[in-house]
Every structure is written in C-alpha cells, then in structure tokens.
Amino acid sequence: MHGTRILDEADRLMTVCNSCRYCEGLCAVFPAMEMRRAFSDGDLNYLANLCHSCGACYVDCQFSPPHEFNVNVPKTLAVARAESYAAYAWPGALSGAFARNGLVISAIAALSMAAFILGFAALNDRSVLFGVHTGPGAFYKLMPHNAMAALFSAAFLYAILALVMSVRAFWRDIGTPIGGRADGGSIFQAIRDAGELRYLHGGGVGCYNEDDKPTDRRKLFHHLTFYGFLLCFAATSVATLYHYLWGREAPYPWWDLPVVLGTLGGIGLIVGPIGLLVAKTRRAPELLDEQRYGMDVGFIAMLFLTGFTGMALLVLRETAAMGPLLALHLGAVFALFITMPYGKFVHGIYRFVALVRYAQERRSEAGS
C-alpha cells in the first residue's frame, strides 16, 4: 500500500507497463521504470515528474480505455505529479492552498499588492498616481526604491527558501540515483534535456492534444514561456547591477540592455502563455487532471499578466497611465513570487531534478 490512492494506481499501471514495454522508446519514463521491479512512493513521484505528458503512450497503448486494464499513464502521472507538489511543499501548512483555486488566489494576491502600492502612493502624494514622470528614477515617484526593493526582496527570498526546502525533500524521497550520486555529466545532460524539452515529442512525432494528430505546438509555447521568463529575470538582474554598481536608475532607454532583454522576454511571456492556455482547452479531457485545472491556469495567467503589464508599462511609461500600470505590474510579480513554491512552477524544478537522476542512472547503466 502506498501513501495515496493515486500512487496505488500508478504502481498498478507501472506493473502492467513493465510487463508490456511497448512504449519504452517514447520518453524517459519507461526506461526508468524498467530499472525497477517494485516501486516506492519516491519512485512513483520520480516517474510522475519525469513524465512530460505528451500523451503518446495513451494513444499507442493497447490497454488504454475502454480496455478492462484501464491503463491511462498520462492522466495518472499528472495527478500524482500535482499531488507531489503538495507532498513536498514547505511549509506543509500551505501545501494545498493553490490546488483548486490557484487562479483566484493569484489574482487576489496581485490585486491586493497593486492596491497596497497605489494606497502607499496616495497616502504620500495623490498627485503622483496620475502624474507624468520621466527620466531616471521616475518609477520611484510611486514608491521609494528602498521600500520597493525591501518588499520584493523579502517575497523573492521567501520563494527561494520554500523552493529549496521543497526540492530537498523531493530529492531525499526519490533517493540517490542508482549507481551513485549525481555528477557534473548527469547535471549537464539534464540541462540539455530540459532546455530542449527533449521528451515532449512522443517518441519524435510530437505532442497529442485534441485528436490523434501529434504536433509540436505545446513544445513551442513551452519554449516561448520558459525562455521569456529567463530573459525577464536576466533583465531584472542587469537592472539591479546598473542600479547598485553604476548608480543608474530605471527606467532605461529602449535600446539599453535591460529593456531589450525585458522586451524579448515580455513577448515570450505573452505569446507563450496564450498558446499554452489555448492548447490546454483543446487537450483531450482523458489526458487532463481536471481537479488541478485552476492551479495550472493560475500560474499561466500570472506569467501572462506579468508579461502584458510589463510591455504596457514600457509603451506607456511616459504617460499618466504609468502609475497604475506600474502598481499592477508589481502586483503580478509579487503574486508570481509568493505562489511559485505551491503551484505549477515547481513542476519545472522537480522535472529537472528527475532528469538529473535519470541521466545518472543511464550513465551508470551504460558503464556497467
């Protein structure tokens, strides 16, 4: 018996799949499964986070519904994956906070922070809310830089701490990779696999969505979202260096590096999440975890809102709309930070950790 009902079901399916092995060339899940004859809770959570939910095994499987064996690996592992976010979350009291109402909670957090910033500005000087501010330091008319930095640094550091503690618990539970500890080679291989979304291709043909015709659309939108996020993070990092090392205050000219990086990242965070939302609505329902739909949509919506408000702020930063747009953009960023450790964001980190373990297992298997 396992810790949850869905892990019992995952164990049953992995036992059936281990007997068949027809899908072993589709992704990393099945070769990793074949290295085991029995499955602990940690093993099943490892396999669940190794799954990229391309849907190929469901389409190819001779035992998928309506067969009496009822083998639905993508949906079962999707549910197990979502439950693993709560199982390893830190602190545990917040583990299930975003499971069903992720969109509502994220929106409330974003709007509450935006209202706080607007109220802070109005309390000090109402004229700054809709005033036209230009030149270096214009953003800090709404809220002083030190207050803004302290507020968002605290949220960011909390998110990092919670993520580190969660990943630590996940790594301990899935165990040391078979054959030894992860090394530099396995980490590099995992970086390549994650960066290329290597296993989101269903054995090379693409991802299955609303029908039996695989496409690479989900892979493309994942890439746009992922690299858009990284570019925006890089823009923030460069702007931080500008401020503290060279005393240059935002906003910066459109040709400056933080703005160029942020613009490219913002485009990715608009196009990518829209594509992912559309793809999610078109996916076959038998592949989806409907109970966590709100959590998935909440994370995607916060990414989109961050990108959209950032681009709108760039275009309208020298108008009277700058104040409200800045407050809304900062609210979206704050909501994204505090929900990161408890929602869909962690699946990227857990999946990377699972890829590291898988790469090490494969290297050890090849060596032996």
Side-chain angles (χ1 to χ4, degrees), residues 3-4 6-7 10 28-29 41-53 77-103 105-106 109-110 155-175 182 187 190-191 193-195 197 199-200 222 225-230 232-233 269 272-273 276 280 288-289 291-304 306 332-358:
T4 64
I6 199 63
L7 291 181
V29 171
D41 286 7
D43 288 332
L44 294 170
N45 284 325
Y46 160 56
L47 296 175
N49 282 280
L50 201 56
C51 173
H52 284 54
S53 196
L77 294 189
V79 177
R81 190 163 55 248
E83 290 189 357
S84 75
Y85 308 156
Y88 302 112
W90 182 92
L94 298 176
S95 60
F98 303 95
R100 294 175 180 266
N101 303 305
L103 179 60
I105 293 175
S106 298
F156 180 71
L157 291 175
Y158 170 78
I160 294 298
L161 174 62
L163 288 170
V164 167
M165 296 298 290
S166 299
V167 172
R168 179 171 174 263
F170 176 65
W171 179 258
R172 284 185 169 184
D173 197 32
I174 66 175
I187 294 173
I191 291 173
D193 293 343
L197 285 177
Y199 297 111
L200 191 63
H222 271 92
T225 303
F226 175 65
Y227 288 108
F229 180 85
L230 288 184
C232 288
F233 184 78
L269 286 185
L276 289 177
K280 185 171 287 292
L288 289 173
D289 175 16
Q291 291 187 351
R292 279 83 180 177
Y293 194 82
M295 179 178 68
D296 292 0
V297 171
F299 175 59
I300 296 173
M302 282 301 101
L303 288 173
F304 170 79
T306 300
V333 173
F334 182 85
L336 188 63
F337 282 170
I338 65 170
T339 59
M340 272 182 181
Y342 311 106
K344 192 63 179 288
F345 180 84
V346 298
H347 92 287
I349 301 178
Y350 286 5
R351 182 162 292 160
F352 175 75
V353 171
L355 286 170
V356 171
R357 177 177 178 178
Y358 177 68

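None of these values were measured; they are calculated from a predicted model.
Judged by distance alone, with hydrogens and angles left aside, the side-chain atoms of Tyr358 form no donor-acceptor pair with the main-chain N or O of Ala190 at under 3.5 Å. A distance-only check finds no donor-acceptor pair linking the side chain of Arg351 to the backbone of Leu50 [under 3.5 Å]. No side-chain donor-acceptor contact under 3.5 Å links Asn45 to the backbone of Ser84.
Nearest heavy-atom pair, Asp41 versus Gly3, reported as atom, atom and distance to 0.1 Å: OD2-N, 3.1 Å. Taking every heavy atom of both residues into account, Met302 and Ala332 meet most closely at SD-O, 4.3 Å. Pairing each heavy atom of Gly228 with each of Leu269, the nearest pair is C-CG, 4.0 Å. Contact detail for Met340 and Leu163: the closest heavy-atom pair is O-CD2, 4.2 Å. In this structure, Pro341 and Ala89 approach most closely via the heavy-atom pair O-CB, 4.5 Å. For His347 against Lys344, the heavy-atom pair with the smallest separation is ND1-O, 2.5 Å.
Between Val164 and Trp90 the shortest side-chain heavy-atom distance does not fall below 4.5 Å. A 4.5 Å side-chain heavy-atom check between Ile191 and Phe352 finds at least one atom pair inside the cut-off.
A distance of 11.0 Å separates CD1 of Ile349 from OH of Tyr85, quoted to the nearest 0.5 Å. Rounded to the nearest 0.5 angstrom, Leu355 CG and Ile187 CD1 are separated by 12.0 Å. The line from CZ of Phe334 to OG1 of Thr339 is 10.0 Å long, rounded to the nearest 0.5 Å. The distance from atom CG of Leu44 to atom CD1 of Ile6, rounded to the nearest 0.5 Å, is 10.5 Å. Between atom CG of residue Leu303 and atom OG of residue Ser106 there is a gap of 10.0 Å, rounded to the nearest 0.5 Å. Separating the OG1 atom in Thr306 from the CG atom in Leu336 is a distance of 5.0 Å, to the nearest 0.5 Å.
Exactly one of Tyr342, Tyr158, Phe156 qualifies for a ring-ring contact (aromatic ring centres under 6.0 Å, His included) with Phe337. That residue is Phe156.
By the 30° and 60° cut-offs, the orientation of the rings of Phe170 relative to Tyr88 is perpendicular. Taking the six-membered ring where the residue is Trp, Phe345 and Phe299 present perpendicular rings, their angle passing 60° and hence far from 30°. By the 30° and 60° cut-offs, the orientation of the rings of His52 relative to Tyr199 is perpendicular.
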